[in-house]
Amino acid sequence: MNSLEDDLSNSFDGNIGSERESVLVFVSLAEEFFKNGSFEEAINYCRMALQQIADLKEAKLLLYKCFVKLGLDKDADNMKIELISENPDDKEVQALFNDVEESIDEEKQIKNENEASTPDIINEPKHELVKSVDEAEEKIRSEDNTQSTDISNMPKHELVEAVDKAEEEIKSGTQEVSDTGMLSADQTENLLDNALSEINKIKGVLGSIIIEESGIIIKEKTVEGLDAEVASALFSTIFYVSEDSIEKLNLGQIDRVFIEIGKVRVYLFKGNGYIIGIFTEEIVKIGLIHVKAKQLLLNIKKVLGV
Amino acid sequence: MKQLILIPDIINKLEEAVNDYMITTRVRAVIIINTAGQLIFKTGIKKSDNFMQSFSALSAGIFNATVSIAKLIGDDYFENILQEGKRINLYYSAVNNEIIIITAYNQNAIIGVINVMNKKLKKNILDLMTEDDIKIKKQVSFDNEYKDEVENLLDNMFK
Amino acid sequence: MKNTIEKITSIPGVRGAAVITKDGLLIDKVFYDNESSEVVGAMVAQISREMENSLGKATDEIPILATIYSSNGEIVFLSQSDFIIAVLCEKKTNIGVITIKIKDIAVELKEQLKK
């Protein structure tokens with residue numbers, strides 16, 4: 001771009017050699033925008049050039065390429081006709097049309113290949129989806145696959161439901177992990193481990209723990225020397241004791257509890273029947289902890305498959 | 001005047017209320033007596049009947065004695081009385097001027113919690129009590145056929 | 001003692017404050033209703049006892065400060081070696097100010113109880 005700016009400044013600093021040369025600067029700028037993918041900007045500069053010289057072939061050629069890129073087929077066709085009528089025997093114009101058409105064909109081919117390898121389940125009609133599942137089922141049977149699948153024993157209406165569910169999940173961006181819709185123990189542990197690790201990464205966080213509201217530990221990544229069993233029993237008791245009194249005081253439902261003992265702080269969050277305990281230092285980004293804990297509580301039911 | 005009539009249904013409900021109270025407060029035992037010194041209900045204590053009779057009578061005596069003090073200072077009775085021992089403490093609480101709840105607790109329990117939860121237990125017991133004049137009567141009705149049969153039998157006796 | 005507690009109750013949104021023994025019995029209180037103070041006192045004493053059993057005894061040097069956030073209000077309490085200060089407040093109360101004040105009055109009350 002610097003060179004172009006130099007070109008521009010040079011063209012205005014010195015005496016303009018010819019009108020065509022000065023207008024070509026606009027085309028050069030348009031080409032730069034075209035290369036960067038800013039087709040609309042490129043079109044603007046081409047039109048500026050064409051205002052100066054109405055039959056400037058370079059500007060029209062670039063304009064045609066921009067229309068093709070933007071999918072403005074009508075404009076592109078009009079421009080093609082204009083160019084051919086103005087330059088009927090121009091080899092450069094013909095070569096450009098050939099190049100552009102070839103590149104369009106190539107793009108279409110690549111797109112088709114991609115679509116063929118990954119079927120578009122979202123847009124596929126339901127009956128076709130069922131059909132494809134049927135085909136897959138047949139394939140599994142013919143291959144004498146030893147791995148048992150729920151699909152083989154599933155009645156058709158359930159299959160349609162499963163396809164619906166899969167469709168929904170694909171649309172929402174969540175993937176079904178297994179045939180039964182439940183995560184395996186290892187996957188659950190990994191997910192919880194990752195979730196706690198992410199919380200523990202926050203500056204000042206010493207450890208975190210997920211427990212069931214009855215006090216049973218589900219996953220813990222706590223500080224050394226801290227008895228997780230004792231901590232989980234305490235957290236459960238705090239909520240149990242508080243809930244009764246909170247109800248008597250008409251304070252609604254407990255959202256969270258904060259405890260400060262010396263230089264250690266404990267943040268407790270409850271939701272969906274689970275409690276998350278986070279141990280931190282004195283100075284910590286509480287807002288971030290709050291967001292992360294709430295996110296985990298929201299997703300915990302899904303992760304644990306209950 | 002309300003009375004606590006111990007029929008199976010009421011006993012079950014009473015047991016439920018007392019158990020709930022014991023779990024929340026972590027007390028050792030709950031004994032319910034009347035001011036005459038009779039034992040109405042007990043849980044959490046495994047002593048002989050003789051011991052329980054003596055305990056009930058003495059406890060009622062203590063409560064009755066404090067009623068006199070309460071009257072001297074212009075009250076009907078003291079709602080709560082506390083006796084603190086080395087290991088076991090006793091907490092007396094009057095449901096009305098006839099029924100007393102005695103709670104035995106040690107250091108694990110918190111008196112403040114007992115105080116609050118005792119109010120709930122008292123309310124539950126009062127809800128289980130029925131008015132004196134509402135007697136549970138089983139009405140027996142005789143149908144005409146039965147009457148006729150009896151009359152015939154009596155007639156036959158004097159024939 | 002009441003004057004000391006009133007320093008907290010003057011904060012907007014505070015429904016009441018109480019000084020209670022570790023057994024949950026009220027030492028002094030400034031509460032808008034009698035029932036609440038007893039319930040708060042009992043609850044706070046019980047939680048404090050549980051915390052001390054699990055995490056170690058609260059001392060004057062290292063007290064236990066806890067805040068219970070609920071949908072309609074908040075309870076803040078500070079457990080010292082001999083007593084507990086509990087504050088019941090509405091939802092949008094400035095908890096930061098209460099935390100600072102509660103620590104301040106804990107020092108004052110400690111002096112008063114020593115006398």
Side-chain angles (χ1 to χ4, degrees), chain A residues 206-207 209 211 215 217 222-223 225-271 275-280 282-283 286-287 289-290 293-294 297, chain C residues 15-16 18 20 24 31-80 86-91 93 95-96 98-100 102-103 106:
Chain A
L206 303 169
I209 184 169
I211 60 166
I217 301 171
T222 50
V223 271
L226 182 94
D227 192 335
E229 296 274 345
V230 174
S232 63
L234 170 70
F235 298 160
S236 171
T237 312
I238 288 171
F239 279 100
Y240 174 74
V241 172
S242 310
E243 266 159 16
D244 191 42
S245 307
I246 292 284
E247 197 186 304
K248 278 186 194 140
L249 294 164
N250 295 321
L251 290 181
Q253 283 199 319
I254 300 181
D255 179 46
R256 61 190 198 274
V257 176
F258 160 72
I259 306 161
E260 184 188 305
I261 312 152
K263 286 185 178 178
V264 178
R265 289 175 175 199
V266 188
Y267 295 91
L268 303 175
F269 300 88
K270 193 183 176 189
I275 299 167
I276 296 176
I278 301 168
F279 301 85
T280 73
E282 252 182 310
I283 298 159
I286 173 63
I289 288 176
H290 194 257
K294 288 278 169 189
L297 279 174
Chain C
R15 277 167 60 181
I20 47 186
F31 251 90
Y32 298 118
D33 61 309
N34 196 41
E35 186 79 6
S36 299
S37 60
E38 281 186 5
V39 175
V40 169
M43 179 189 87
V44 158
Q46 206 170 357
I47 294 174
S48 175
R49 172 84 62 97
E50 294 294 342
M51 283 180 183
E52 288 190 358
N53 287 343
S54 313
L55 306 168
K57 203 165 162 33
T59 60
D60 292 338
E61 290 74 33
I62 307 169
I64 296 175
L65 176 82
T67 313
I68 299 162
Y69 297 86
S70 75
S71 48
N72 300 334
E74 275 126 29
I75 295 170
V76 187
F77 68 89
L78 183 89
S79 182
Q80 295 262 54
V87 182
L88 175 66
C89 37
E90 282 163 12
K91 188 71 195 160
T93 315
I95 296 293
I98 290 176
T99 309
I100 295 165
I102 210 170
K103 284 177 182 171

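Throughout, protein chains are lettered first and strands after them, A, B, ... in sequence-line order, and every chain is numbered starting at 1.
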Please flag which part of A:D227 lies under 4.5 Å from any non-hydrogen atom of chain C: side chain, backbone, both or neither.
neither
Could you give the distance from CD (C:E74) to CZ (A:F258), rounded to the nearest 0.5 Å?
12.5 Å
Assess whether atom CD1 of C:I62 is packed by more than 12 heavy atoms of other residues, nucleotides or ligands within 6.0 Å.
no
A:T237 portion near chain C, given a 4.5 angstrom heavy-atom threshold:
side chain
Chain A heavy atoms under 4.5 Å from C:I95: which part of the residue, side chain, backbone, both or neither?
neither
Does some side-chain heavy atom of A:L251 sit less than 4.5 Å from a side-chain heavy atom of C:I75?
yes
Using modelled atom types only, decide if a donor and an acceptor are shared between the side chain of C:S71 and the backbone of A:Q253 within a distance under 3.5 Å.
yes
Which bit of C:L65 comes within less than 4.5 Å of chain A, counting heavy atoms only: side chain, backbone, both or neither?
both
I'd like to verify something: which residue of A:D255, A:L249, A:L268, A:V230 has the highest number of heavy-atom pairs under 4.5 Å with chain C?
A:L249
Polar side-chain atom of A:S245 near backbone of C:M43 as donor-acceptor pair, under 3.5 Å
no
May I ask you to name which of C:I68, C:T99, C:T67, C:L88 has the most heavy-atom pairs under 4.5 Å with chain A?
C:T67
Test side-chain contact (heavy atoms from CB on, under 4.5 Å) on C:N72 and A:N250 and set out the steps.
CA-CA 8 Å; C:N72 300 334; A:N250 295 321; 5.9 Å; no
Would you mind checking if A:E260 and C:K103 are paired as a salt bridge, meaning a charged N to carboxylate O distance below 4.0 Å?
yes
Let's go through A:I259 and C:M51 carefully: what are the C-alpha distance in whole Å and the side-chain angles of both, what is the deciding distance for side-chain contact (heavy atoms from CB on, under 4.5 Å) to 0.1 Å, and is it a yes or a no?
CA-CA 9 Å; A:I259 306 161; C:M51 283 180 183; 3.5 Å; yes
Roughly how far, to the nearest 0.5 Å, is OH of C:Y69 from OH of A:Y267?
8.0 Å
Rounded distance (nearest 0.5 Å) linking atom CD of C:E50 with atom CZ of A:F235:
13.0 Å
Calculate, to the nearest 0.5 Å, the distance between atoms CD and OG belonging to A:E243 and C:S70 respectively.
10.5 Å
Quick check on C:L78 against chain A: is it the side chain, the backbone, both or neither that has a heavy atom closer than 4.5 Å?
neither
